[in-house]
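Given the structure is predicted, the values throughout are model-derived calculations rather than measurements. Within every chain, numbering begins at 1; the chains are lettered A, B, ... in the order of the sequence lines, protein sequences first and strands thereafter.
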Amino acid sequence: MATELPKAYDPKAAQEKWLPLWEECGYFHSKPNSEKKPFTIVIPPPNVTGALHMGHALNNTLQDVLIRWKRMQGFNALWVPGTDHAGIATQSVVERLVCSQEKKTRHDLGREELVRRIWEWKEKYETRILGQLRQMGASCDWQRTRFTLDATCARAVRETFFRMFRDGYIYRGKRLVNWDTQLQTSVADDETDTVPTKSGFWTFKYAVDGDSDTFISFSTTRPETMLGDTAVCVHPGDARYKHLIGKTVTQPHTGRKIPIIADGQLADPKLGTGCVKVTPAHDPNDYACWQRHPEIGIINILNPDGTINAAGGEYEGFDRTRAREAVTKRMEELGLYVGKEDREVPLKISDRSKTPIEPLLSDQWFVRMADRDDGKPGLAQMAIDAVTSDKVKFFPERYRDGYIAWLAEKRDWCISRQLWWGHRIAVWSRTFTDRKTYEDTLALEAGGWSSVSHVAWTTQDETMAIHVCLGHDDPDMIAALQADGFTQSEDVLDTWFSSALWPHSTLGWPGPSIPEKNADRTAPDWATMRSYYPTSVLCTSRDIITLWVARMVLTGLYNLGEVPFHHVYIHPKVMDGFGEGMSKTKGNGVDPLDVIEIYGADALRFGMVNLATETQDSRMPVVNICPHCGAQVPVKQEHMYMRTKKLACPACKKNFRPGGPWPTDDPELPTARQGSDRFEVGRNFSNKIWNATRFILGNLEGYTPAPVILSELPTEDRWLLSRLATTTKSVTAALEGYHFAEVARLVYDFVWPEFCDWYIEMSKGRLKDPAARPTAQRVLTGVLDGILRLVQPVMPFVSESLWHALAEVAPVRGLPNPTSAEESVVIANWPSYPDAWMDSGVEKRFARMQDLVRSVREVRNRYQVEDKTRLDVAVKCSDVVAADFNALGAFIGPLAGIANFAAGPNAIKPKQAGGIVRPEFEAYVSLAGLIDVAAEIKRLEKQIAEKRKALEGVNAKLANEKFTASAPADVVQQQRELVEDLKKQIAAMEENMQDLKLA
RNA sequence: GGGCGUUUAACUCAGCGGUUAGAGUGCCUCCCUUACAAGGAGGAAGUCGGGGGUUCAAAUCCCUCAACGCCCACCA
């Protein structure tokens, strides 16, 4: 006899039991295996900035569902876990911490010390993150855990950079970048935020040289940039200024003579005065103008810390605000100030430091995206082609357009960051002013450098520079370079550069490190690469399709000539109950560990799968669970914005601190865990499966395995097996199409209402009948076996617990032929049943029976409650029953349950379907058939009439020559097919009706 | 300004041309029945955002308006 199962499912016990066992058994570890088809997913590596949140829970649950499902299907399933160093994000978090705790800047600490602190931070959060993943039940191959900054990834980064450098894809350029003056680094467009800010809109004028009476006025939101003006620009077609084009003005602060130029793209006659000052070094539009008119020159007036540099003359050292005031004041003094209006202007803010961005001209490394000079597709085009040719497919498909549109701009990718946390760029540079030395040094390239390095040079302005890129650290080479006055770049690479390589870097590309200078560094670790690359699917959220997905495709194609994954599945975003994105700072976020603690990991996973619909967003209202009494206290919007630090529980009146990141005033106040009622479904569902199993186990005494022959089974068995086969097929199809919410729905609808509420209840009678018992036992265990398999990918813990409990009593089971069950459901086969089991006739008959039973129950319920006469009740019944109530009554008499109905109020208690014993059931089925005939005929008549009308309509249309002549051929054809279809439908219905009448 | 998405029961969401629009939660009634009160049997609750159109037939397709959310671009 089986060990008695506890009355309720205890998720915590299951998690504690199975997690270590699964790992011990090595179920999650994958080795290259030529016998099995591979199925590979690489995790979108979470940033080590902080702990995982709900978005990660969703992302990783879905991946795990896929991996677990494919593992059951017999694939060699590999899920590679890992984390991302997240350059700027992590560095700024640690910098902020150092600043608040020690009042020190990164410069006070120095590069080495800061990096050491960040590694400490990383260790802490990496452990936390991987722990969270484990708790969720993520079946990752932990032995293959990677970090974007570890040695394996570093090798791939180094190799890729070297190749791109060698092939001319990486170049050095002066570009206007978003400069974060606080962190003193350039940041990508995507790392900035534009917020409307109250500021001014100033209008000034410059005197035109040689004519003291003529002024040209212009407006600006940033007066301080006047110090860097190199031109004044008007529209070429603007009659007001035509005569001034080609003249010069004198910039009053610097005394520079600057030209008045015409540029149709920059100046808009309708805006402001129609005339605009040009500051190429500090404004993207002006920069573009300068590229069209290089003769006007470009002057950088800012230091990296945001203060004015020497080019600003007497204003050198002023910060932004002071410079603005001083420059404006000077204009007033000169009488060149025209006016100022208050205006809200969009201010670009750095995501990381939350300080204003300065557009700044600086030297950066770029990856060229444009097509190649020889006309061959460049990196961007290659990535576009991969998608247009369907080598990479998006799910849902709509996301592909955004991907293509973004890449089509082919904007070069700025990959250098002035940070300390990241992959340091392996380029050694030296600048020269002396042409001879420059050329001599350049000649060294011929002396053998190129075998291990590649050299590029730039000649901008008067300085010339040589840049030497090393494919790996060669001490001799580095020593030689240093002796020659070369220094390594201080910059590190953009985080996305290493993330872009993730699908192949994690798999070991480009092979073991190279011991010898001239070793073949192009030989990858082929055993692993060949087994798992390209990966199968990438699961991520839509906001990093461009930043990450596009770049993975691009580097995959560049390094390996093969796309990194075949499918890209984009899942929805988790919002709070008010439609806002979740974040720690808002306090509307939910920690997955809180959810696991309150509802269990299975419930978390079910909830996540259940909300993964086809839409973009899904709401998840958040509640605080009162730490005193467990009541659910909804998070209100004002709690978030007011930063409520104390809440009174409406149930127990005691105070607690809502879950959230802000500090408490009262350390004694207990903190609430945060949850969401959206996880209750999963919790209840796992408990339901638990108890269904408990029931079955308690009724398996004398169980013997034997094949089940469909044709010999009673109606309800054939119905159940039809439903099981249909459900299994649909679940498989839903998984194949990444319709996760549907998976949850299908499984739930089969297990709960159909299996538990109807079948199990009906089996109760049969289990008491020695003749019927053995078959009922076989069907129950066989279907339960199938359910546990279907449920495993979504709810592995409860599934595994029950799998083992079932194995104690019924190790040999299954439909139609019993077999020995696998040792764990994790590695069990994914179920599939014969199509022949799907029987719409049985399902229809059963549905009618259900209708009837429900109608009778309604009558009983009402009668009992309202204590009215039988007739009154009948009137209130559903049409089906009411119409035939008298006939029903005649049948009801002999039936035990219904006989009591006539005896008066409260004579019987409402019963479940299980209240129906076998003979009753048969009676119900035949009764349902009889009663339904009239209604069914009526319904059919109505439908046939409707179809006839439709047919008439379509025929009329086809008879109309105007229509057939004007409509496209395919539309006409479609209508013709519709006619045939309708005719067939009508014929089928008429036949159906004949059958009914005969019955 | 361009694009994408959403708007269906009190709440969270399914349904996406064809019987009477569904589920879970919540609400109401009854029931602690030997699997499960994290449960069971029932019930009430919807002009499918507004307005046009296409169609024999529209929650579903088209146009338009509105609200909300996200992305991209721009704003001297």
Side-chain angles (χ1 to χ4, degrees), chain A residues 5 7-9 189-190 194 201-203 218-222 225 233 266-268 271-279 283-286 343 345-346 398-399 401-402 405-406 409 542-543 545-546 572-573 575 577-581 599 603 610-611 613-621 676-678 680-681 683-699 741-742 745 748-749 753 756-757 760-761 764 853-854 857-862 864-866 879 906 909-915 939-940 942-943 946-957 978 982 985:
Chain A
L5 289 179
K7 200 169 171 182
Y9 171 52
D189 285 343
D190 324 278
T194 308
F201 185 67
W202 289 264
T203 304
F218 55 90
S219 300
T220 179
T221 55
R222 292 157 69 213
T225 61
C233 173
L266 184 65
D268 180 346
L271 272 179
T273 62
C275 169
V276 60
K277 66 191 213 51
V278 187
T279 322
D283 182 280
N285 294 312
D286 296 1
R343 183 184 277 202
V345 298
R398 72 180 110 94
Y399 290 107
D401 292 345
W406 186 80
E409 290 181 32
R542 74 187 111 96
D543 39 5
I545 292 176
T546 51
K573 291 189 85 165
M575 315 297 264
F578 311 100
E580 294 193 37
Y599 308 93
N610 204 22
L611 63 69
T613 59
E614 304 291 294
T615 53
Q616 298 204 112
D617 306 323
S618 235
R619 289 184 186 206
M620 204 178 82
S676 171
D677 58 9
R678 296 201 71 170
E680 286 177 14
V681 196
R683 182 197 53 187
N684 296 352
F685 186 40
S686 47
N687 192 50
K688 188 72 184 177
I689 300 176
W690 178 270
N691 275 293
T693 307
R694 223 158 70 88
F695 169 79
I696 295 170
L697 292 179
N699 284 286
E742 206 184 336
R745 210 201 74 232
Y748 187 93
D749 286 350
C756 292
D757 290 348
I760 287 190
E761 292 306 334
K764 285 176 178 171
V853 169
R854 273 192 276 258
R857 283 174 184 163
E858 186 185 344
V859 173
R860 290 201 297 219
N861 249 338
R862 280 183 189 283
Q864 194 175 331
V865 175
E866 297 173 11
D879 290 345
N906 302 316
K909 290 172 177 175
K911 290 200 171 177
Q912 304 166 200
R939 205 164 18 196
L940 272 173
K942 197 177 144 201
Q943 268 183 46
E946 255 173 41
K947 296 279 173 194
R948 286 232 168 93
K949 202 175 140 202
L951 185 62
E952 240 172 75
V954 180
N955 272 331
K957 190 154 59 176
L978 185 60
L982 284 168
Q985 285 181 33

Can you pull every protein N or O that's under 3.5 Å from an N or O on nucleotides 4-8 of chain B?
residue: B:C4; atom: O2; partner: A:Q616; partner atom: NE2; Å: 3.4
residue: B:G5; atom: O4'; partner: A:Q616; partner atom: NE2; Å: 3.1

CG of A:D757 versus C1' of B:U33: gap in Å, rounded?
14 Å
Using a distance-only criterion (donor-acceptor N/O pair, under 3.5 Å, no hydrogens), is the base of B:C36 paired with the side chain of A:K688?
yes
Between B:C74 atom P and A:D283 atom CG, what is the distance in whole Å?
10 Å
CZ of A:F578 versus C1' of B:C11: gap in Å, rounded?
12 Å
Taking the side chain from A:R542 and the backbone from A:Q616, do they hold a donor-acceptor pair closer than 3.5 Å?
yes
At 4.0 Å (heavy atoms only), tell me whether A:S618 reaches a base, stays on the sugar-phosphate, or touches nothing.
sugar-phosphate
By side chain to side chain donor-acceptor pair (under 3.5 Å), A:S618 pairs with (sequence neighbours left out) none
When the distance from CD of A:E409 to P of B:G2 is rounded to whole Å, what number comes out?
16 Å
Look at the side chain of A:A950 and decide which nucleotide, out of B:C56, B:C13, B:C36, has an atom nearest to it.
B:C56
If you take all heavy atoms of A:A741 and A:T613, which pair is closest and at what distance?
CB-CG2, 3.7 Å
Sort me out a list of protein N/O and nucleotides 21-27 of chain B N/O pairs below 3.5 Å, or just none if empty.
none

Who is the Watson-Crick or G-U wobble partner of B:C13, with both distances under 3.5 Å?
B:G22
Sequence neighbours excluded, the answer for side chain to side chain donor-acceptor pair (under 3.5 Å) partners of A:Y599 is none
Base, sugar-phosphate, or nothing for A:R542, non-hydrogen atoms under 4.0 angstrom?
sugar-phosphate
Once you apply a heavy-atom cut-off of 4.0 Å, does A:C275 come out as touching a base, just sugar-phosphate, or nothing?
base
Salt bridge flag under 4.0 Å for residues A:D677 and A:R683:
no
Suppose we screen for ring pair (Phe, Tyr, Trp, His ring centres under 6.0 Å). Which residues come up paired with A:F685, at least two apart in sequence or across chains?
A:F606, A:Y748
In this structure, how many angstroms lie between the P atom of B:G39 and the CG atom of A:N691, rounded?
10 Å
Quick check for you: to the nearest 0.5 Å, what is the distance between A:E680 atom CD and A:R678 atom CZ?
12.0 Å
Would you mind reading off the distance between A:I545 atom CD1 and B:G3 atom P, rounded to a whole angstrom?
18 Å
By the Watson-Crick or G-U definition, both distances under 3.5 Å, B:C68 is matched with B:G5
Whole angstrom value for the distance that separates C1' of B:A37 from CH2 of A:W690
18 Å
Respond yes when some side-chain nitrogen or oxygen of A:K947 is under 4.0 Å from OP1 or OP2 of B:U19, and no when none is.
no
Checking all strands, does A:K7 fall into the base, sugar-phosphate, or nothing category for heavy-atom contacts under 4.0 angstrom?
sugar-phosphate
Mind checking A:M575 for me? I need base, sugar-phosphate or nothing, with any heavy atom below 4.0 Å counting as a touch.
sugar-phosphate
Euclidean distance, atom CG of residue A:N699 to atom C1' of B:C36 [Å, nearest integer]
14 Å
Distance-only side-chain donor-acceptor flag, A:T279 / A:K277, under 3.5 Å:
yes
Results of salt bridge (charged side-chain N to carboxylate O under 4.0 Å, His left out) for A:D749 - residues two or more places apart only:
A:R745
